[in-house]
Q: 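Sharing a structure, written as structure tokens. Questions coming.
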Protein chains: 2
Amino acid sequence: MMGSFSVKPVKVGICGLGTVGGGTFNVLKRNAEEIARRAGRGIEVAQIAARRPNPKSDTGSTPITADIFEVANNPEIDIVIELIGGYTQAYELVMKAIENGKHVVTANKALIAVHGNEIFAKAREKGVIVAFEAAVAGGIPVIKAIREGLAGNRINWLAGIINGTGNFILTEMREKGRAFDDVLKEAQALGYAEADPTFDVEGIDAAHKLTILASIAFGIPLQFDKAYTEGITRLTTADVNYAEALGYRIKHLGVARRTDAGIELRVHPTLIPADRLIANVNGVMNAVMVNGDAAGSTLFYGAGAGMDPTASSVVADLVDVVRVLTTDPENRVPHLAFQPDSLSDHPILPIEACESAYYLRIQAKDHPGVLAQVATILSERGINIESIMQMEVEEHDGLVPMILVTHRVLESRIIEAIAALEALDDVVGSVVRIRVEQLA
Amino acid sequence: MMGSFSVKPVKVGICGLGTVGGGTFNVLKRNAEEIARRAGRGIEVAQIAARRPNPKSDTGSTPITADIFEVANNPEIDIVIELIGGYTQAYELVMKAIENGKHVVTANKALIAVHGNEIFAKAREKGVIVAFEAAVAGGIPVIKAIREGLAGNRINWLAGIINGTGNFILTEMREKGRAFDDVLKEAQALGYAEADPTFDVEGIDAAHKLTILASIAFGIPLQFDKAYTEGITRLTTADVNYAEALGYRIKHLGVARRTDAGIELRVHPTLIPADRLIANVNGVMNAVMVNGDAAGSTLFYGAGAGMDPTASSVVADLVDVVRVLTTDPENRVPHLAFQPDSLSDHPILPIEACESAYYLRIQAKDHPGVLAQVATILSERGINIESIMQMEVEEHDGLVPMILVTHRVLESRIIEAIAALEALDDVVGSVVRIRVEQLA
């Protein structure tokens, strides 16, 4: 049943033996036969760079060094797998590997989102590949799906649940009525969230991934610094419940949309109709919805993180690289899906120029005429109301929450309207504003 | 913003200008710029073979012939796109194109499932590619996902809703309580179902697609003749409703599972827990769930048919082929994901040797002791009951429906048990048996 695989195995070096590095080593070892049957060659780990062993990976006699640059400079190695994370050392490692004519596979979203343009230019100069499927949505092959599987489409928009920690927190808040802080503590105890959860709950991690997805979808350079990012830390169970009553779920969504004026690139809590498939993606799972002019809406779902799922994508990239080792570099799949000399300069829009529908929660005194004042402020700014829900029962402070969902409108209009609403005598405190996407 | 694309465009010929052929022509024309920016070369339709024009495609000055073999023999053409469907002419066309050293892109699941082994052997001999993303699940790039995106995995099982007509019928039966025949007539009127709906409702179309998915998932030759196929024509709204009451949805599922004894390859109505994402795929939409040892469960969702979605996959294949035109054929992605000399001879299991859980509906006379007799028959055959639901109200014929869900057991055991149950004096008529998959 097995072919002979007389061709010599490809030698790879793994830098970083943490969760993903250990997983990658394990998958390469466990599935060596299946992988060789697919790739037509074996893949051999010739060297590992790690500061300490990983108790979950039995690396046996594989040479281990503490110095990542030994791997980048190892003349035996064809492909360097960067799994150390972070921007600084990882950047130096990847650039050194490229400089040495080695292909690179990385799971590092921050590195690609922030330094990708420079890294790809260098890789192009040296005729090597930098593959990064594992950088977005863990085990879901969504980079490949957009870059190759939907290559016939003009992509209109994409929207993704691309941070598992955030989705776990929102799922618990909705299903169990728990408060944000309470769930965050549990997520940290479970190992889903880091000790410093800023990257996850403030949306920075999601913005890194969204930046990458938008580039390959629209053929634009990576522009992480222009992504709008809003976290989930201020979400209350009250809003989660009101959203539910209106037929919506709140998800922390990365949204990228092409408009005539430019590209919207934004991460924020979002109300989604509860009957959408993506609204039912729960716990730590990830999903990315992509809308193209030919395929319509597709959705890609799976584990967004973890030892084995992320390793799955690292190894898929390895197989891809092995298959094109002898291909003329000009004929390979471009790093950002589009040929580098035909990237578009369509601008990323500031958030004020983005368009969305909005959920507004206004705390009003229970006086006659408040609704009329609110309606006037919105209508004067061309904001149409899709639905309104006024609570019949006063809250303990004598205030009546008024919930509105608007039609789509420019964000700048909503900002103006909220300022006017908050200036009303009968409106108390801040107006809560959460964006709404129909994803139809 | 645009590169110069000094390289000459690749010339392709489209055979068949029906729904998919017309859609492919349109997408290539509409998205010519985006496609060239991705592929690095333009793709030009040099000739079309069609018996009649398609009012939805303005083919302008593109040369049209009535003879498909003119396209296969056209020395100008590099890639032949087979979109005529069926086994006979399509087979001859594809073999002729390969013989002439042309690459082939096809959306023809029947052709690939039945003649694929022979076609791929010929293609290998001639060093050309036969690409078939559009043959399974329309616009969802699921072939690519399994073949490349999950290449690091040992795939355990996959399960798919891969026939839109069938899913539309089941969705209507569930949501509106309509009868099978009634919905089928509407599906035919809407153009979802053919005048002869056999391929759709008897599961043959799904079995073609499942055969292809199983091959690329497990690295086995195509073996359509060994697929077990059961249609949805005998499903009643009663069972749809009982399933609902038990927390399940009934879907027409293609299931392929690797076991030590062999590969299960089966298409049949299936109860799925209602909270699974795939249980919520409704209407004509398709979805394929894939479980790998590293990635865990992933799901790929989208439009499974239609002019533009299918064209999306045809064009993605074209871009893939264009990118590897100059690649050494030995280094290309193998047709069936695994190297042809390392396909496995792991056998396809007969349905009796497959394992599943079962939903059983027994029409019993309302006598004491029936339940005890039923339980004895099951327990004597090692069949454990997971849940049981006995209707309190008698039906008009004086019979009481008894609904059982079993644990997983060999199909041969259930066949024996059903024969014994039907032989009981207090059981009237046939026992309804529908398989249950947890897809966990």
Side-chain angles (χ1 to χ4, degrees), chain A residues 1-3 27 30-31 34-35 37-40 133 139-141 144-145 148-154 219 277 280-281 292-303 308-309 311-312 314-316 318-320 323-328 330-334 337-339 341-345, chain B residues 1-3 27 30-31 34-35 37-40 133 139-141 144-145 148-154 219 277 280-281 292-303 308-309 311-312 314-316 318-320 323-328 330-334 337-339 341-345:
Chain A
M1 129 184 181
M2 279 282 301
V27 169
R30 183 171 79 227
N31 292 345
E34 296 253 333
I35 292 166
R37 284 174 61 205
R38 289 191 177 98
E133 180 66 76
I140 314 171
K144 181 174 279 283
E148 302 165 39
L150 298 173
N153 289 261
R154 180 175 166 90
L277 215 53
N280 293 282
V281 170
D293 71 337
S297 285
T298 49
L299 178 137
F300 307 91
Y301 162 91
D308 273 14
S312 169
V314 169
V315 175
L318 284 174
V319 173
D320 270 2
R323 279 175 173 150
V324 296
L325 281 177
T326 60
T327 301
D328 171 7
E330 292 297 308
N331 285 334
R332 292 178 185 144
V333 181
F338 291 74
Q339 301 295 325
D341 58 357
S342 64
L343 292 186
S344 151
D345 55 7
Chain B
M1 131 186 179
M2 280 282 300
V27 169
R30 184 172 76 228
N31 292 344
E34 295 254 332
I35 293 165
R37 285 173 60 203
R38 288 190 178 99
E133 179 66 76
I140 313 172
K144 181 175 280 284
E148 302 165 39
L150 299 172
N153 288 261
R154 179 173 166 90
L277 214 55
N280 293 283
V281 170
D293 70 337
S297 285
T298 49
L299 178 136
F300 306 92
Y301 163 90
D308 273 15
S312 168
V314 169
V315 175
L318 283 174
V319 174
D320 270 3
R323 279 173 173 151
V324 296
L325 281 177
T326 59
T327 301
D328 172 7
E330 292 297 308
N331 285 334
R332 293 179 186 142
V333 181
F338 291 73
Q339 302 294 326
D341 58 358
S342 64
L343 291 186
S344 150
D345 55 5

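Chain naming here is simple, since letters A, B, ... match the order of the sequence lines and numbering starts at 1 in each. Heavy-atom basis, side chains included; hydrogens, waters and symmetry copies ignored.
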Q: When rounded to the nearest 0.5 angstrom, what is the spacing between CZ in Arg37(B) and OG in Ser344(A)?
A: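 The OG atom of Ser344(A) is 5.5 Å from CZ of Arg37(B), to the nearest 0.5 Å.
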Q: Looking at Arg332(A), Glu148(A), Glu330(A), which one has more heavy-atom pairs under 4.5 Å with chain B than the rest?
A: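 It is Glu148(A).
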Q: Given the options Leu299(A), Val315(A), Thr326(A), which has more heavy-atom pairs under 4.5 Å with chain B than any of the others?
A: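 The option with the most such pairs is Leu299(A).
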Q: Counting heavy-atom pairs under 4.5 Å to chain B, which of Val333(A), Val27(A), Val314(A), Val281(A) comes out on top?
A: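 Ranked by contacts with chain B, first place is Val333(A).
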Q: Given 3.5 Å as the limit, does a donor-acceptor pair link the side chain of Arg323(A) with the main chain of Arg38(A), or not?
A: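 Yes, because the side chain of Arg323(A) sits within donor-acceptor range (under 3.5 Å) of the backbone of Arg38(A).
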Q: Among Leu150(A), Asp328(A), Asp320(A), which residue has the highest count of heavy-atom pairs closer than 4.5 Å to chain B?
A: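 Counting heavy-atom pairs under 4.5 Å, the top option is Leu150(A).
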Q: Chain B heavy atoms under 4.5 Å from Asn31(A): which part of the residue, side chain, backbone, both or neither?
A: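 Side chain of Asn31(A) only, per the 4.5 Å heavy-atom cut-off to chain B.
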Q: When only pairs under 4.5 Å are counted, which of Leu318(A), Val319(A), Leu277(A) shares the most heavy-atom pairs with chain B?
A: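 Highest number of pairs under 4.5 Å: Leu277(A).
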Q: If you measure only the distance, is there a donor-acceptor pair under 3.5 Å linking the side chains of Asn280(A) and Asn280(B)?
A: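 Looking only at side-chain atoms, Asn280(B) and Asn280(A) do not form any donor-acceptor pair under 3.5 Å.
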Q: Identify the heavy atoms of Asn153(A) and Ser312(B) that sit nearest to each other, and give their distance.
A: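 Between these two residues, the closest heavy atoms are ND2-OG, 2.7 Å.
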Q: Heavy-atom pairs under 4.5 Å with chain B are the metric here; pick the option from Gly302(A), Gly219(A), Ala295(A), Gly139(A) that has the most.
A: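 Looking at each of Gly302(A), Gly219(A), Ala295(A), Gly139(A) in turn, Ala295(A) comes out on top.
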Q: Search all heavy atoms of Ile140(A) against all heavy atoms of Glu133(A) and return the closest pair with its distance.
A: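 Distance-wise, the nearest heavy atoms are O-OE2, 3.3 Å.
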Q: Roughly how far apart are Asp293(B) CG and Arg154(B) CZ, rounded to 0.5 Å?
A: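 Those atoms lie 7.5 Å apart.
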Q: Identify which of Ala316(B), Ala311(B), Ala151(B) forms the greatest number of heavy-atom pairs closer than 4.5 Å to chain A.
A: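 Heavy-atom pair counts peak at Ala151(B).
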